[in-house]
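As the structure lists them, so they are numbered: ligands from 1, and atoms in each ligand from 1. Treat the numbers as computed from the prediction; the structure is a model and nothing was measured. FYI, the numbering just counts along the sequence from 1.
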Amino acid sequence: MSSPRLKLPVIQNWNCHNCGGCCKQHEIEITVEEKERIEKQRWDLDDSIPAGKPVIEKLGLSPTSKRYRLTHQEDGSCVFLNEQGLCRIHAKFGEPAKPLACQVYPYAFHPAGNDVAVSLRFSCPSVVSNLGERIDRQEPAIRKIVEQVLPRRRKTPPAPRLTSRESVSWPDTLKAVAKLSQFFQSDETPIQIRLLRAISFVELIENSRFETIRGERLEEFLDLIFEATVQELPADLELDPVAPSRLGGIQFRLLAAQYARKDTHAESSRGLGHRIALLQSAMKFAIGKGQIPCLQERFAPVDFSRVEAAFGGLPSESEKLFLRYYRVKIEGLHFLGAAYYDIPFAEGFHHLALMFPAILWIARWIAAGDGRTQLKPEDVNEAMAIADHHHGYSPVFGLPHFRSRVKNLSRSQDIKKLISWYSL
Ligand code: SF4
């Protein structure tokens, strides 16, 4: 199969600014070839690595396991991260000598029929802040990485399901994706109205049958329901925020807690005591009273009630950030199918829509911890980087109990309430 066309975001910039954050947060699994390549680099003879410290370790308990990862320093950073926050492999042998996982981050590549859709992980602060060159102008460099990621004999995978009941062809799935993305394109509509419109659009898709609606008819249908949702929710609509239901509040706090966690190697290797502490904090999140359990060192002690008070609305820079976030994630297919626990289009968008209140909940926690009652753009930026670290990557979000939590929030209309409630 020839080299695929890349669908690159045109509204996103990025270059690495060597913050080293990704090298502190992720466990880097390497292939057998990468293990051999790193062994040939002879780090055992390099003074910058403590004598006797292995740079690679085996994963899994089986003696025949062929899975390996890079080892970590005491603080959880990769063994190759130096004191200046730079990669030793990169500095000594150049970027292509690094494991592929390090070269790929923060990109995420997803099949889009015969093409490849490119998304980005907003866990990288440079992605959140839109720093660097426009992504679509970096196509040759991105193509080199894509070619290493794609299997040599690749076949076009089946299209992700549109709803839990039905699938349509790749071209029809991509029409639905393109229409969904249109809710986040330029005009002056507030982000919360756009999200409410997009949820109504997705609900209409969920409640329809597509046996005979294909091709041009599907396109007409999508146009029709798009216009209907825009008319039903005009840009100047005054939202009357309603608190989520009691059960919705519990389910949402448990979800926000999951997004606020820091699952680095250092955290996850803290053993049974750490797991028990997490279980206890989950109970406190379900109750939602008193002080919020400190899920990671970043958060200061704050009461649940402080996060529920109004925070003076969303800063205008954050509006723009969310617009970019939703376009990159939707156009990059970063919410469904292979990219997202094999979840269908409609269900995947409910998960993605919930990122908005989850990020704002975390941003409020950051602001309240600083003694403020108004959000700053930096709070939202940081909260997005914390939450998006998990989006599509932490296995828990694809588990049945988590998926049914999101389905319940959707059925009870609580996702819409949460979006309005945390925009206040
Ligand atoms: S190998 Fe280099 S780029 Fe990859 S995680 Fe380690 S320090 Fe970072």
Side-chain angles (χ1 to χ4, degrees), residues 13-60 66-109 118-129 131-133 135 138 141-149 261-270 296 298 385-386 388-395:
N13 304 342
W14 181 75
N15 285 120
C16 176
H17 289 77
N18 295 323
C19 70
C22 51
C23 311
K24 292 179 186 149
Q25 287 195 67
H26 300 282
E27 179 173 288
I28 305 296
E29 188 164 344
I30 53 172
T31 62
V32 174
E33 293 77 47
E34 287 170 337
K35 173 181 174 283
E36 286 166 4
R37 187 169 78 218
I38 291 169
E39 281 166 351
K40 282 190 193 137
Q41 293 168 358
R42 297 307 309 260
W43 291 98
D44 51 332
L45 304 178
D46 191 295
D47 292 346
S48 65
I49 307 281
K53 176 152 180 78
V55 293
I56 294 169
E57 68 189 21
K58 204 169 193 166
L59 277 171
K66 290 255 168 59
R67 292 180 60 212
Y68 302 93
R69 71 169 173 219
L70 301 182
T71 57
H72 291 261
Q73 304 179 40
E74 282 288 290
D75 65 352
S77 308
C78 170
V79 65
F80 290 115
L81 190 67
N82 71 16
E83 297 71 27
Q84 291 76 44
L86 301 174
C87 172
R88 291 186 171 98
I89 302 182
H90 192 149
K92 204 164 170 183
F93 298 102
E95 179 159 35
K98 293 197 294 193
L100 185 56
C102 309
Q103 297 179 51
V104 170
Y105 185 87
Y107 295 115
F109 305 123
V118 178
S119 177
L120 283 104
R121 297 185 64 181
F122 282 66
S123 48
C124 169
S126 296
V127 175
V128 172
S129 302
L131 299 177
E133 198 183 349
I135 295 293
Q138 303 187 51
I142 298 171
R143 182 169 293 285
K144 275 191 195 157
I145 306 173
V146 170
E147 278 163 6
Q148 293 182 70
V149 172
R261 281 172 54 170
K262 191 173 191 179
D263 290 336
T264 60
H265 176 78
E267 296 279 325
S268 55
S269 54
R270 276 164 54 195
Q296 52 163 301
R298 168 63 189 90
I386 291 171
D388 198 62
H389 171 69
H390 301 278
H391 179 82
Y393 294 90
S394 300

Exercise. With distance as the sole test, does Asn18 use its side chain to make a donor-acceptor pair with the main-chain N or O of Leu86 at under 3.5 Å?
Worked result: no
Exercise. Between Glu57 and Lys35, is the closest basic N to carboxylate O distance under 4.0 Å?
Worked result: no
Exercise. Does any N or O in the side chain of Arg37 come within less than 3.5 Å of the main-chain N or O of Ala97, such that one atom is a donor and the other an acceptor?
Worked result: yes
Problem set entry | Within-2.8 Å protein N/O/S contacts of atom 6 (Fe) of ligand 1 | Cys78 SG
For this session: Please identify each residue that fulfils ring pair (Phe, Tyr, Trp, His ring centres under 6.0 Å) with Tyr105, with sequence neighbours left out.
Result: His26
Exercise. Between Lys98 and Phe80, is any pair of side-chain heavy atoms under 4.5 Å apart?
Worked result: no
Exercise. Is it true that Asp46 and Lys92 make a salt bridge, defined as a side-chain N closer than 4.0 Å to a carboxylate O?
Worked result: yes
